[in-house]
Amino acid sequence: MRHDHLIGAKQLSRADIESVLDRAAEFDADPTAFADAHPDALLALCFFEPSTRTKMSFETAIKRLGGDTVDMGTVESSSVKKGESLADTMRVVEGYADGIVLRHPSEGAARLAAEFVDVPVVNAGDGAGQHPSQTLLDLYTIRENAGLDDLTVGVMGDLKYGRTVHSLAGALTNFDARMHFISPESLRLPRNVRFDLHESGAVVKEHTDLDAVLEELDVLYVTRIQRERFPDESEYRAVAGEYRIDAETLADARDDLTVMHPLPRVDEIAPDIDDTDHARYFEQAHSGVPVRMALLDSML
Amino acid sequence: MRHDHLIGAKQLSRADIESVLDRAAEFDADPTAFADAHPDALLALCFFEPSTRTKMSFETAIKRLGGDTVDMGTVESSSVKKGESLADTMRVVEGYADGIVLRHPSEGAARLAAEFVDVPVVNAGDGAGQHPSQTLLDLYTIRENAGLDDLTVGVMGDLKYGRTVHSLAGALTNFDARMHFISPESLRLPRNVRFDLHESGAVVKEHTDLDAVLEELDVLYVTRIQRERFPDESEYRAVAGEYRIDAETLADARDDLTVMHPLPRVDEIAPDIDDTDHARYFEQAHSGVPVRMALLDSML
Amino acid sequence: MRHDHLIGAKQLSRADIESVLDRAAEFDADPTAFADAHPDALLALCFFEPSTRTKMSFETAIKRLGGDTVDMGTVESSSVKKGESLADTMRVVEGYADGIVLRHPSEGAARLAAEFVDVPVVNAGDGAGQHPSQTLLDLYTIRENAGLDDLTVGVMGDLKYGRTVHSLAGALTNFDARMHFISPESLRLPRNVRFDLHESGAVVKEHTDLDAVLEELDVLYVTRIQRERFPDESEYRAVAGEYRIDAETLADARDDLTVMHPLPRVDEIAPDIDDTDHARYFEQAHSGVPVRMALLDSML
């Protein structure tokens with residue numbers, strides 16, 4: 001892969017993805033062996049929204065590559081609240097660093113930033129838009145545990161608002177994957193996402209009940225159903241309760257079912273699953289480091 | 001010393017303590033000479049509460065050892081407020097770093113974290129609980145200035161709520177120390193701490209007045225009396241005023257009296273003491289670096 | 001240059017300034033070539049006020065020199081709000097780092113800090129006071145684009161409250177510069193600044209209209225007129241509108257006019273200037289890195 005900027009997973013071909021995942025596997029095998037890879041690299045972290053996982057794993061990734069970070073800090077501690085435009089902030093920051101990781105609440109922010117600067121920009125989440133490095137680490141975890149060929153994936157929870165889910169589904173159309181989407185009617189995949197999947201020729205089915213499809217799954221990707229999506233607390237409780245899983249739920253699943261979650265979870269996945277072989281969500285979070293090392297290595 | 005986690009000072013034997021202090025003395029003698037000690041080490045800083053001294057000195061310590069930090073940032077800038085449990089956050093962070101320094105408002109947080117992760121956890125303060133690296137740097141300062149044998153220590157101020165004081169008192173029972181506790185009646189040592197000291201066979205006396213014992217002291221450890229402990233502002237002023245010291249207060253003290261304070265101070269110690277040879281509280285804060293270097297060096 | 005502390009631009013002679021700018025030019029030519037310059041240096045960043053540019057460029061500068069930072073974090077995340085004095089905080093921090101960069105809302109804070117510590121202190125802005133590294137990077141940009149000899153500079157906008165402007169004007173008296181100050185009557189240079197310029201023998205003129213002088217200028221330094229300086233929104237709009245520039249405004253300017261701005265801008269400079277050869281404000285911001293590298297290199 002060689003891209004100036006990484007804005008969305010859609011810009012990545014199957015070959016691009018496999019190249020990143022192959023390189024990530026090398027880093028994963030021995031993360032501390034590459035401390036000489038980019039000794040002079042400075043990566044600007046520009047997080048206009050809170051983040052733990054994404055920010056810390058980018059920070060870890062560049063430091064494992066021998067580089068370092070320059071941190072914009074929180075919006076409250078920066079000049080942003082003096083009314084500076086994103087374009088101006090980015091043009092200033094490009095003078096400090098060799099690359100920019102940008103999280104921003106507005107969809108399209110990363111694309112805009114990329115138009116104004118010459119250093120590579122990585123989109124680390126732009127509102128309801130894209131978060132391509134998350135998609136890559138999801139694919140990495142799937143490949144490591146279930147492979148990316150002849151794959152049956154279930155995606156459950158909030159399928160309407162979750163950018164993670166939309167992006168992953170799109171990326172899976174590059175591979176030989178059957179997709180099952182399990183959600184309440186009110187939170188099913190948006191029409192445009194369904195249309196794109198259909199256009200790509202992907203095998204896609206929708207369900208309101210996990211039981212209908214659980215036994216077939218190689219991977220079950222669970223997402224959080226957010227309280228604020230429901231006008232009424234009692235309605236939320238009723239719906240959310242049906243899309244929680246625990247060890248008993250998985251009794252009929254395949255032994256090698258891989259359970260994933262982008263985290264943070266609240267209670268969609270009961271703690272009694274944590275110690276089973278199904279649980280791969282912490283491993284999934286950890287793979288953010290080698291995957292982002294691979295990304296940065298290819299861009300810097 | 002070789003411990004997987006450092007949760008409380010109580011887990012440390014006299015030999016453990018002396019081993020850390022000896023190693024700290026080596027680092028103290030030449031702090032910049034160990035930049036090759038841990039070149040690949042990444043230390044996660046997870047501070048769920050504000051901190052200046054502790055956080056900065058851990059950051060300095062790992063960097064002086066050639067390593068680097070991965071910072072969770074403030075709670076406001078992290079995913080924690082999305083409702084993630086501490087156990088989940090810790091299990092994610094262990095995938096990024098080689099060790100975790102944790103400060104948390106809840107007592108027992110560090111012990112809980114240690115149960116869930118495989119990388120070493122250092123408790124950097126858990127509410128009213130433990131803060132063992134503070135105790136070690138207190139002991140280091142005492143040893144450097146007064147020695148740890150045949151020692152007479154006075155501890156003055158808020159003895160009821162100060163975790164620093166409880167922990168230091170417990171650790172001193174490993175050594176040949178007589179302890180005098182000076183406080184208003186309402187802020188005397190809690191019953192359980194007195195009981196533990198008594199059980200250990202320590203020589204302990206309580207006073208309401210510094211004058212009664214000042215001349216005997218090798219070390220006077222002063223702590224802040226917090227306004228919020230008193231229902232009434234005027235009562236606070238009356239009490240706090242009696243436990244402030246200035247150069248005149250120390251007129252009858254031994255010439256080699258060592259005055260310590262965990263900092264921040266407000267006005268418990270008058271500025272006219274700062275330039276005397278008694279004042280060791282800034283040196284005490286500075287010793288956080290070599291002591292934490294020694295701790296990290298033994299754990300990473 | 002060899003100073004223990006950098007508090008204000010006034011302490012710098014012409015030779016001092018030229019020495020820093022010469023060294024900065026070396027760093028600018030190849031910023032990543034000096035990673036072995038200060039491999040053990042730790043620089044404390046103590047920002048008691050929000051900052052993007054200044055903080056990030058100091059962070060970049062020390063890291064490009066091979067050193068690293070120890071960050072106090074925001075005031076909210078530190079012990080400062082427990083009531084610690086600045087003098088105490090500084091005396092603690094000097095034990096962690098080899099130098100201190102201090103931004104503080106109170107004028108005189110850096111000078112106070114310098115009295116209490118032995119490591120070098122760099123004033124990175126003290127309220128309405130000084131911000132000498134900003135002045136140095138302004139001079140660097142002027143020298144690179146227009147030279148510092150036989151120079152005509154216009155400074156426009158809020159000349160009353162802008163510490164940047166006062167400091168730059170003072171520094172320019174070391175060189176062969178004619179100065180034109182363009183502002184509304186209510187925001188003209190303060191009396192004491194005018195007096196100092198007059199005393200120094202500088203050639204200074206004041207205007208309320210840019211047209212009167214535009215054609216003569218080698219450099220036009222624009223600053224932001226802040227809404228909060230005016231009692232009335234409509235008055236603000238009327239005044240501010242007259243001190244905005246766009247490509248059309250510059251039609252009569254010299255082809256090699258250098259337009260500068262300390263940033264952040266709001267709308268004082270229209271975006272249609274950004275792509276012209278006049279626009280040097282992003283370059284100006286970027287030069288913060290080599291100039292601060294030169295400063296730190298001379299002080300650490």
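Below, chains carry the letters A, B, ... as their sequence lines are ordered, and counting in each starts from 1.
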- request: Output yes when a side-chain donor or acceptor of B/H286 lies under 3.5 Å from a complementary backbone atom of C/R91, and no otherwise.
  value: yes
- prompt: So which heavy atom on B/T60 is nearest to which on C/Y96, and how close?
  reply: CG2-O, 3.1 Å
- prompt: After noting the C-alpha distance and the side-chain angles of C/D98 and B/R64, does the key distance pass the salt bridge (Lys or Arg N to Asp or Glu O under 4.0 Å) rule?
  reply: CA-CA 11 Å; C/D98 305 303; B/R64 292 283 188 215; 3.3 Å; yes
- prompt: With a 4.5 angstrom heavy-atom cut-off, which part of B/D274 approaches chain C: side chain, backbone, both or neither?
  reply: side chain
task: Flag yes if more than 12 heavy atoms outside B/D30 fall under 6.0 Å of its CG atom; otherwise flag no.
output: yes
- prompt: Ignoring hydrogens and geometry, is there a side-chain-to-backbone donor-acceptor pair from B/K63 to C/D68 under 3.5 Å?
  reply: no
message: Is B/D267 close to chain C through its backbone or its side chain, or both, or neither, when contacts mean heavy atoms under 4.5 Å?
response: neither
field: Atom CG of C/D36: over 12 foreign heavy atoms under 6.0 Å
entry: no
- request: Flag the pair C/E84 and B/R53 as a salt bridge only when some basic side-chain nitrogen lies within less than 4.0 angstrom of an acidic carboxylate oxygen.
  value: yes
task: Please round to the nearest 0.5 Å and tell me the distance separating atom CG of C/D88 and atom OH of B/Y281.
output: 8.0 Å
- request: Mark yes when over 12 heavy atoms from residues, nucleotides or ligands other than C/R111 sit less than 6.0 Å from its CZ; otherwise mark no.
  value: no
field: C/A87, part contacting chain B, at a heavy-atom distance under 4.5 Å
entry: neither
query: Just wondering, do B/L263 and C/V92 contact through their side chains at under 4.5 Å, heavy atoms?
result: yes
- line: Bottom line for C/D40: the part with an atom under 4.5 Å from chain B's heavy atoms is both
Which atom of B/T52 lies closest to which atom of C/M72, heavy atoms considered: CG2-CG, 3.9 Å
